[in-house]
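All figures in this text were calculated on a predicted structure; none of them were measured in a lab. Both ligands and their constituent atoms are indexed starting at 1 by order of listing. Nothing fancy with the numbering, it's 1 onward along the sequence.
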Amino acid sequence: MRRYLMAGNWKMNLTPSEAKKFALELAANIKDLDKDVDVMIAPNFASLAYVKEAIAGTPIKLGAQNMNDNEKGAYTGEVSADMLLDLGVEYVILGHSERRDIYKEDNALINKKVKFALAKGLKPVLCIGEHLEEREAGVTADVVKKQLEEGLKDVSAAEMANVVIAYEPVWAIGTGKTATPEIAEATHQDIRNILTNLYGAEVAENVTVQYGGSVSDANVDNLMAQKNIDGALVGGASLKLAPFTKIAKFEKV
Ligand code: PEP
């Protein structure tokens with residue numbers, strides 16, 4: 001049985017003091033969860049230690065927004081897997097479209113990060129998704145297939161138990177344009193089929209595949225009602241206490 005993962009990507013928002021205050025308030029709202037639901041928040045690196053303290057003793061899990069693919073050394077400005085683990089991080093978001101588009105991360109680098117995270121015992125959240133021109137050209141399934149094949153290269157079937165996929169159509173991120181539940185579900189079904197071809201049906205059935213792109217408290221229940229949508233990766237709405245609380249505690253309809 002796959003698990004639901006409701007996650008907040010705070011991006012480069014909230015100072016450490018603001019992040020701590022928000023996390024304490026969120027933690028007060030989320031003291032218990034259904035047994036098949038996980039909630040994760042991914043603050044900026046500078047806030048990880050504060051947020052870890054704020055969510056201690058609650059079911060909220062800690063995530064990071066990126067990670068370097070090397071053990072340690074002369075990589076100015078970078079953060080290693082061991083540093084994240086030392087701060088209690090469990091999940092690491094990799095291949096977010098902002099990393100791909102702004103920082104030119106390609107599938108090969110993202111794959112190195114995914115494998116390194118897994119080898120270290122971190123759970124990668126591998127982000128994939130098409131740009132608007134690709135959707136309009138009808139090549140969405142090809143784009144996500146390539147991102148999955150190259151991003152998961154040499155990741156074993158056993159390791160897939162610790163991998164989360166986040167399908168985030170780039171045209172829906174931060175734009176207020178959510179994919180309809182039906183559009184999202186169609187691509188999630190394609191993703192499940194691609195994972196089936198790569199790893200077999202049993203592994204593919206158990207992979208958590210999140211949807212991301214303007215998820216809000218108003219649309220979360222309908223998105224989560226889809227058969228192949230197993231969670232949400234939330235940007236903007238994860239910075240608002242009441243909406244994110246509602247997203248984390250979505251209604252199963
Ligand atoms: C994101 O950046 O991962 C995201 C989905 O952002 P938003 O929810 O703001 O669209």
Matching residue for Arg135 among Ile183, Val143, Val170 - test: side chain to side chain contact (heavy atoms under 4.5 Å, CB included): Ile183
Side-chain H-bond candidate by donor/acceptor type, Asn29 with Glu25, under 3.5 Å: no
Closest protein heavy atom (residue, atom, distance) for atom 1 (C) of ligand 1: His96 NE2, 3.3 Å
Per-atom contacts of ligand 1 with Leu233, taking only distances under 4.0 Å to non-hydrogen atoms: 5 (C)
Gly213 N/O under 3.5 Å from ligand 1 N/O: no
Per-atom contacts of ligand 1 with Ser214, taking only distances under 4.0 Å to non-hydrogen atoms: 7 (P), 8 (O), 10 (O)
Euclidean distance, Ile173 CD1 relative to Ser214 OG, rounded to 0.5 Å: 8.5 Å
Sub-4.0 Å heavy-atom approach of Ala237 to ligand 1: no
Sub-3.5 Å N/O-N/O distance, Gly235 and ligand 1: yes
Modelled atom types, side-chain donor and acceptor of Lys113 and Asn66, under 3.5 Å: yes
Contact partition for Ala166 relative to ligand 1, non-hydrogen atoms under 4.0 Å: neither
Atom 2 (O) of ligand 1: nearest protein contact (heavy atom, Å): Lys11 NZ, 2.4 Å
Nearest non-hydrogen protein atom, atom 9 (O) of ligand 1: Gly236 N, 2.8 Å
Spacing of Asp82 atom CG and Asn68 atom CG [to the nearest 0.5 Å]: 11.5 Å
Polar contact flag for Glu168 and ligand 1 (N/O pairs, less than 3.5 Å): yes
Plane angle bin for Tyr4 and Phe250 - parallel if under 30°, tilted between 30 and 60°, otherwise perpendicular: perpendicular
Close-contact set for ligand 1 against Gly174 heavy atoms, below 4.0 Å: 7 (P), 9 (O), 10 (O)
Ligand 1 N/O within reach of Ile173 N/O, cut-off under 3.5 Å: no
Trace of the side-chain contact (heavy atoms from CB on, under 4.5 Å) decision for Ile41 with Leu26: CA-CA 10 Å; Ile41 46 178; Leu26 184 66; 3.8 Å; yes
Check: Asn206/Arg2 side-chain N/O donor and acceptor closer than 3.5 Å: no
Polar side chain donor-acceptor pair, Thr196 to Asn193, under 3.5 angstrom: no
Non-hydrogen atom of Ala172 closer than 4.0 Å to ligand 1: yes
